[in-house]
Trainee: 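Input: one structure, supplied below.
Position 1 is the first residue of the sequence, and the numbers go up from there.
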Amino acid sequence: MRIERLSLSDLRCIESLGLVPGPGLNVILGPNGSGKTSVLEGLYVLSRGHSFRRRGREALIRSGCEAFVIHTAVADGAGRVHRIGLRRTREGWEGRLDDVELKRLGDLFTVFAACAFTPNSHELLEGGAEERRAFWDWGVFHVEPTFLEHWRRYVRALRQRNALLREGGGDESFEPFETAMAVSGERLSAQRAAYLDRLRSRLSARARELLPELGPCTLSGSAGFRATAAGDFARMLADRRAADRMRGTTSQGPHRADWALSFEGGREAGQLSRGQQKLAALALTLAQADVYAASKGHWPVLLLDDMSSELDEPHQEGLLASLERGGLQVILTGTGWTEPLAARRGRMQVFHVEHGRLTGTDGGC
Ligand SMILES: Nc1ncnc2c1ncn2[C@@H]1O[C@H](COP(=O)(O)OP(=O)(O)OP(=O)(O)O)[C@@H](O)[C@H]1O
Ligand SMILES: [Mg+2]
């Protein structure tokens, strides 16, 4: 996958900015607050519908403006170019794919895939389970075509069960929703478990490269409910009905799933230094890109925000060398040249930004 061109309007400090990235390494350089991360956010939004920064979607709309707009042309693995347009107002989305109006924003995500490593990526290990589930499900979504449908059915039935728990519905009214939750919940959990197996083997190699000092890593998943045989989840839901009525919510199920990473000697993510957490998050991001590429036959775009302040120079050098070998399209940001970047100056496309504007380009791609 490759971004052929990108234009952003009224996104954070950017009034209007256009880029034509090269096929390999691209670097956006500029002082603090110049709009580098905002460019990556625009791309990330196209792949997920939200930013990797915490503040709400509306914070992306430039102050005083009605909407932000993103246009891009993306070549897929077969070289077909898709035109994507997305406009976000305070009220909602309008999207177009190849000039056809989108009914669901999710249809974009099958066309454009981006993996991101950002200054907040360590929260994948230290933050809440919701973040880890989102990481997990993005990966499953791209390799299991039926995952999204199972998830939607599960969530619909879960909401209905939760409403019954609060309204004090009779036992007989729970059964259809618990059956629907069990059918879709067991399927999507099997898909999640299969994905974790694929991720595990890629992650071992990436972690060995980035964090050899921590020894072999273990990635373990929990489905959010205990079940050893098909049908267990439905039985468990029925058994827990009384307890769940007291809580007013469904206490177990795939909506409570989580995963954890640990290293040799049982060292858990919480025991790693901040730098080690970042490298572990980078290993996970790259492993996710590996699984995507193995399944689809082409790479997602890789976004590396603030690479120079997140990684020391030996890690930057190792990472850039490995990305160049893989032939990924990478867009990274930094405030200035580091040795590993300068060594590749003639082989990268470089964009200079200031005050949300492109002030120059150079490069050899
Ligand atoms: N909704 C908004 N409207 C206008 N300006 C905004 C909005 N949201 C953020 N900004 C401003 O946009 C600028 C761009 O921020 P961005 O994070 O992209 O910069 P950056 O180049 O990545 O900086 P750093 O090197 O510090 O990471 C900041 O000056 C910020 O104050
Ligand atoms: Mg930034």
Side-chain angles (χ1 to χ4, degrees), residues 1-21 35 37-53 55-116 134 137-157 159 184 188 292 295-303 329 331 356 358:
M1 175 167 305
R2 177 185 158 190
I3 301 161
E4 299 215 321
R5 34 174 215 280
L6 170 70
S7 75
L8 306 164
S9 323
D10 295 334
L11 192 145
R12 294 205 189 272
C13 66
I14 298 171
E15 185 181 349
S16 173
L17 188 149
L19 299 181
V20 180
T37 300
S38 307
V39 176
L40 301 195
E41 280 186 290
L43 286 168
Y44 194 84
V45 164
L46 291 182
S47 75
R48 331 261 163 147
H50 58 86
S51 167
F52 47 74
R53 283 203 271 209
R55 279 156 288 151
R57 294 180 173 102
E58 287 180 14
L60 287 166
I61 303 174
R62 191 164 162 255
S63 305
C65 297
E66 206 181 298
F68 69 78
V69 181
I70 308 169
H71 285 288
T72 185
V74 177
D76 65 16
R80 270 188 310 266
V81 177
H82 299 282
R83 288 181 309 282
I84 299 172
L86 190 67
R87 181 170 185 272
R88 164 83 200 184
T89 64
R90 284 178 177 76
E91 282 72 49
W93 299 101
E94 289 161 35
R96 293 179 87 76
L97 175 60
D98 295 328
D99 298 324
V100 178
E101 199 165 323
L102 284 173
K103 290 201 179 67
R104 278 180 174 172
L105 188 61
D107 294 343
L108 273 193
F109 312 152
T110 53
V111 178
F112 180 65
C115 292
D137 288 349
W138 185 87
V140 188
F141 165 76
H142 280 287
V143 300
E144 299 279 7
T146 56
F147 174 75
L148 190 58
E149 195 46 46
H150 295 321
W151 176 248
R152 284 192 177 128
R153 284 192 188 154
Y154 176 77
V155 170
R156 218 165 25 234
R159 287 202 185 115
S184 48
L188 76 89
Y292 179 99
S295 164
K296 302 275 186 187
H298 63 264
W299 291 99
V301 173
L302 186 65
L303 311 175
Q329 188 181 42
I331 305 191
L358 190 64

Trainee: How long is the straight-line distance from CG of L60 back to SG of C65, given to the nearest 0.5 Å?
Mentor: 12.5 Å
Trainee: Do the side chains of L97 and F112 get nearer than 4.5 Å, heavy atoms only?
Mentor: no
Trainee: Please, which pairs that meet side-chain hydrogen bond (donor to acceptor under 3.5 Å, both in side chains) have at least one residue in residues 70-80, sequence neighbours excluded?
Mentor: D76-R80, D76-H82
Trainee: For residues L303 and A114, report the shortest heavy-atom separation together with the two atoms involved.
Mentor: CD1-CB, 4.1 Å
Trainee: Any side-chain heavy-atom pair from F68 and L8 closer than 4.5 angstrom?
Mentor: no
Trainee: Listed by chain and number, what are the salt bridge (Lys or Arg N to Asp or Glu O under 4.0 Å) partners of R87, not counting sequence neighbours?
Mentor: E66, E94
Trainee: Is the shortest side-chain heavy-atom distance between V74 and V301 below 4.5 Å?
Mentor: no
Trainee: Can you sort out the partners of R5 under salt bridge (Lys or Arg N to Asp or Glu O under 4.0 Å), two or more places apart, ordered by chain and number?
Mentor: none
Trainee: Do D10 and V69 make a side-chain contact, defined as non-hydrogen atoms from C-beta onward lying under 4.5 Å apart?
Mentor: no
Trainee: Test of understanding: with side-chain contact (heavy atoms from CB on, under 4.5 Å), list the residues that count as partners of T146, not counting sequence neighbours.
Mentor: H150, Q191
Trainee: Looking at I14 and G35, what are the two nearest heavy atoms and their distance?
Mentor: CD1-O, 4.0 Å
Trainee: Roughly how far, to the nearest 0.5 Å, is CD1 of I84 from CG of D107?
Mentor: 11.0 Å
Trainee: Under the side chain to side chain donor-acceptor pair (under 3.5 Å) rule, collect the residues that match up with S7, sequence neighbours excluded.
Mentor: none
Trainee: With sequence neighbours left out, what residues match R96 under salt bridge (Lys or Arg N to Asp or Glu O under 4.0 Å)?
Mentor: E101
Trainee: Tell me, please, which residues at least two apart from R159 pass side chain to side chain donor-acceptor pair (under 3.5 Å).
Mentor: none
Trainee: Can you tell me how far the CG atom of L102 sits from the CG atom of L86, to the nearest 0.5 Å?
Mentor: 8.0 Å
Trainee: Can you list everything that forms a side chain to side chain donor-acceptor pair (under 3.5 Å) with E41? Sequence neighbours excluded, please.
Mentor: R12, S51, R53
Trainee: If you take all heavy atoms of G356 and L17, which pair is closest and at what distance?
Mentor: O-CD1, 3.5 Å
Trainee: Quick check: do E4 and V81 have side-chain heavy atoms less than 4.5 Å from each other?
Mentor: yes
Trainee: For T110, check side-chain contact (heavy atoms from CB on, under 4.5 Å) against everything at least two apart and list the hits.
Mentor: F141
Trainee: Taking side chain as C-beta onward, heavy atoms only, is I70 less than 4.5 Å from L43?
Mentor: no
Trainee: Under the 3.5 angstrom rule, does the side chain of Q329 hit a backbone N or O of I3 as a donor-acceptor pair?
Mentor: yes
Trainee: Can you give me the closest heavy-atom contact between P300 and C115, atom names plus distance?
Mentor: CG-SG, 3.9 Å
Trainee: How long is the span from the OG atom in S184 to the CD atom in E149, to the nearest 0.5 Å?
Mentor: 9.5 Å
Trainee: Applying ring pair (Phe, Tyr, Trp, His ring centres under 6.0 Å), name anything that partners F52, two or more places apart in sequence or on another chain.
Mentor: Y44
Trainee: Minimum heavy-atom separation for V45 and F109, please, with both atom names.
Mentor: O-CE2, 4.1 Å
Trainee: Can you confirm whether R90 is buried at CZ, in the sense that more than 12 heavy atoms of other residues, nucleotides or ligands lie under 6.0 Å from that atom?
Mentor: yes
Trainee: Any non-hydrogen side-chain atom of R62 less than 4.5 Å from a side-chain atom of E15?
Mentor: yes
Trainee: Excluding sequence neighbours, so at least two apart, what forms ring pair (Phe, Tyr, Trp, His ring centres under 6.0 Å) with W151?
Mentor: Y154
Trainee: Going by the rule ring pair (Phe, Tyr, Trp, His ring centres under 6.0 Å), which residues pair with H142 if we only count those two or more places apart in sequence or in a different chain?
Mentor: W138, Y292
Trainee: Apply side chain to side chain contact (heavy atoms under 4.5 Å, CB included) to V111 and D98, showing your working.
Mentor: CA-CA 11 Å; V111 178; D98 295 328; over 6 Å; no
Trainee: So L188 and D137, do their side chains get closer than 4.5 Å, heavy atoms only?
Mentor: no
